[in-house]
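Just below is one structure, and these are the notes that go with it.
Side-chain atoms are counted along with the backbone in the values below, which use heavy atoms only and exclude waters and symmetry mates. For ligands, and for the atoms within them, numbers begin at 1 and follow the listed sequence. This one's a predicted model, so the numbers in the text were calculated from it and none came from an experiment.
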Amino acid sequence: MEKIVINGGVPLKGKVSISGSKNSALPILASTALFPGKYRFTNVPDIQDVRTMLELLKILGSEYTFKNNKVEITSIKLNKDEAPYDLVKTMRASVLIWGALLTRFNKAKISFPGGCAIGDRPVDQHLEGFESIGYKTTINSGYLQSYAASAIGGSFSFKIKSVTGTENLILASIMGDKRTTLLNCSLEPEVDDLIKFLNSLGACIKRIKEKIIITPVSKLKKQTKSYKIIPDRIEAGTFMYLACLPKNELTISNIDISALKDVIMTIKQLGAKIKQTTTSIKITAPSKIKPLRVETNPYPHFPTDLQAQLMAVLILGKGASRIKENVFPNRFIHVAELRKLGAQIELQGNLAKIQGIKSIAGAKMQASDLRASAGLVLGALSAAGQSEIFRIYHLDRGYEGIDNKLRAIGAKICRTKE
Ligand code: EPU
């Protein structure tokens, strides 16, 4: 295993270009299993989760090439309907193959994804949704086995908004027998990117705010011109908070400003100076970081996937801040690690109370999940002296070439064996 060693407290300046979106690429790649065809994509982030999804598709029988952020997939020979435990356990987003396989084969067998470091993470909404549109599921030896039990289509209202739940229901109903209406759907731009891609293949999916109507089609296009994945708003947000740390000044490009409204609002509230276009933003760190009160909530509100990174900024705030985590209430494992830097954070259930301090000092920290790792990297970059971050494979799941991007703006960062 590898660790990252950071010598922090060095001002970071320069330009960062944001890669394609992980959470958009994953469902879109999974959707290539829907129908036998040949598909091409650009702006695909070269990260471990994408490689895991491509491997899963290969195990199912697809063939792919992945080079220079371009993916070509042929799903003509895809002939298996089972997502094995070994892959699902490394990446929860493997559940996205469930809906696609149900459409392709009318049945699918998926290893039960179980919990992860950010909480219990049930799939009851996926299950109930599938049931409402005509699929039955049994649980056997750790596997979820679903099959079409009646005409596919109907309506379902999500009790809790679920991003991959919404995507799975779209995938499972796209070529059904009758119309499907989904209510209280997730509004995340990644769901819209999936809809846009599927409609470019000839699907008929309409969104009216939180309502999504899927009129089934009998086939999809076998080939499309290359499809470009949207920019990763969470990677963008991570670098935007990095820019807010003392003495930093970054220009972050290849972003979609419209998907970052709540995040930009917090950047302004922190006291940072910003200059923006529709696809880039220049952020100059404030001389004093202002404290904040923030709650995480589904899009368009402040994302849970940026909670740890914002916390890494607020630990240096001038005063007391609060972050309430409403999406994954247990997503605070990074707090114990940030405390090692000297951060003063008190936890009360899903509320983190942060008392800002003037400076922090490097320490050895353990990464627990993808976004927590990003929070620890931000902490280490602003802490005086040396930090070591272990289990860094979590970071590689979702940030393309992060060491190189950080080195290019002046960070003293290297990777060695643990
Ligand atoms: N939930 C249920 N039942 C379900 C599904 C969800 O109770 O059947 C609950 C979850 O436990 C959670 C809430 O609903 O409390 C929202 O979860 P959601 O299903 O929306 O999360 P997800 O689809 O599993 C996606 C992203 C996550 C991101 C969340 C929230 C992908 C591949 N993953 O997960 O991204 O945190 O939405 O925005 O799109 C990450 O990129 O690091 C990451 C974890």
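You'll find the side chain of Ser31 reaches within 4.5 Å of the side chain of Leu198, heavy atoms only. Counting only heavy atoms from C-beta outward, the side chains of Gln348 and Lys353 approach each other to under 4.5 Å. Within the 4.5 Å cutoff, the side chain of Lys3 has no heavy atoms near those of the Ile392 side chain. Looking at heavy atoms from C-beta onward, Val335 lies in side-chain contact with Met311 at the 4.5 angstrom threshold.
Looking only at protein heavy atoms, the nearest one to atom 36 (O) of ligand 1 is Asp305 OD1, 2.6 Å. Considering only non-hydrogen protein atoms, atom 21 (O) of ligand 1 sits nearest to Phe328 CZ, 3.8 Å. Nearest to atom 24 (O) of ligand 1 among the protein's heavy atoms is Arg121 NH2, 2.9 Å. Distance from atom 16 (C) of ligand 1 to its nearest protein heavy atom, with residue and atom name: Lys161 O, 3.7 Å. Nearest protein heavy-atom neighbour of atom 26 (C) of ligand 1: Asn23 ND2, 3.6 Å. Nearest to atom 3 (N) of ligand 1 among the protein's heavy atoms is Asp124 OD1, 2.7 Å. Nearest non-hydrogen protein atom to atom 15 (O) of ligand 1 is Val327 O, 2.5 Å. Remark: minimum distance from atom 42 (O) of ligand 1 to any protein heavy atom is reached at Arg371 NE, 2.9 Å.
Ligand 1 places these atoms under 4.0 Å from at least one heavy atom of Lys22: 40 (C), 41 (O). Annotation for ligand 1: atoms under 4.0 Å from non-hydrogen atoms of Ala93 are 32 (C).
For the residue pair Lys405 and Ser19, a side-chain donor N or O sits within less than 3.5 Å of a side-chain acceptor on the partner. There is a side-chain donor-acceptor pair under 3.5 Å between Tyr399 and Thr238. Looking only at atom types and distance, the side chain of Ser258 has a donor-acceptor partner in the side chain of Asp256 under 3.5 Å away. The closest side-chain donor-acceptor pair between Asn326 and Glu295 falls under 3.5 angstrom.
Scanning Asn297, Val163, Val123, Asp49 for the heavy atom closest to atom 37 (O) of ligand 1 points to Val163. In the candidate list Met53, Arg331, Glu188, Glu190, Arg331 is nearest to atom 44 (C) of ligand 1, counting heavy atoms. Of the candidates Ser162, Pro122, Ala30, the one placing a heavy atom closest to atom 4 (C) of ligand 1 is Pro122.
For Thr164, heavy-atom contacts with ligand 1 shorter than 4.0 Å involve the backbone as well as the side chain. Using a 4.0 Å cut-off between heavy atoms, His394 makes no contact with ligand 1 at all. Residue Ile160 touches ligand 1 through its side chain alone, judged by heavy-atom distances below 4.0 Å.
Checked by distance only, ligand 1 and Leu370 stay at 3.5 Å or farther apart across all their nitrogen or oxygen atoms. Considering backbone and side-chain N/O atoms, Ser186 never comes within less than 3.5 Å of an N/O atom of ligand 1. For ligand 1, the polar-atom distance check against Leu96 finds no nitrogen or oxygen pair separated by under 3.5 Å. Distances between N or O atoms of Thr304 and those of ligand 1 include no value under 3.5 Å. Below 3.5 Å of separation, one finds an N or O of Gln125 facing an N or O of ligand 1.
Ligand 1 is never approached by Gly165 to a heavy-atom distance shorter than 4.0 Å. Proximity of His126 to ligand 1 is established by a heavy-atom distance of less than 4.0 Å. Remark: distances from the non-hydrogen atoms of Gln307 to ligand 1 are all 4.0 Å or more.
By the side chain to side chain donor-acceptor pair (under 3.5 Å) test, Gln386 pairs with no residue at all, sequence neighbours left out.
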Check against side chain to side chain donor-acceptor pair (under 3.5 Å), Glu72 and Thr65: CA-CA 5 Å; Glu72 246 188 65; Thr65 59; 5.0 Å; no
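We find that Glu188 and Lys161 are not joined by a salt bridge, their nearest charged nitrogen and carboxylate oxygen being 4.0 Å or further apart.
With respect to Phe41, the ring pair (Phe, Tyr, Trp, His ring centres under 6.0 Å) criterion is satisfied by exactly one of Tyr64, Phe66, Phe197: Phe197. Exactly one of Lys67, Arg51, Lys22 qualifies for a salt bridge (charged side-chain N to carboxylate O under 4.0 Å, His left out) with Asp46. That residue is Arg51.
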Please report, to 0.1 Å, the donor-acceptor pairs under 3.5 Å made by any side chain of residues 139-158, with sequence neighbours excluded.
| residue | atom | partner | partner atom | Å |
| --- | --- | --- | --- | --- |
| Tyr143 | OH | Tyr85 | N | 3.1 |
| Ser146 | OG | Trp98 | NE1 | 2.9 |
| Ser146 | OG | Thr137 | OG1 | 2.9 |

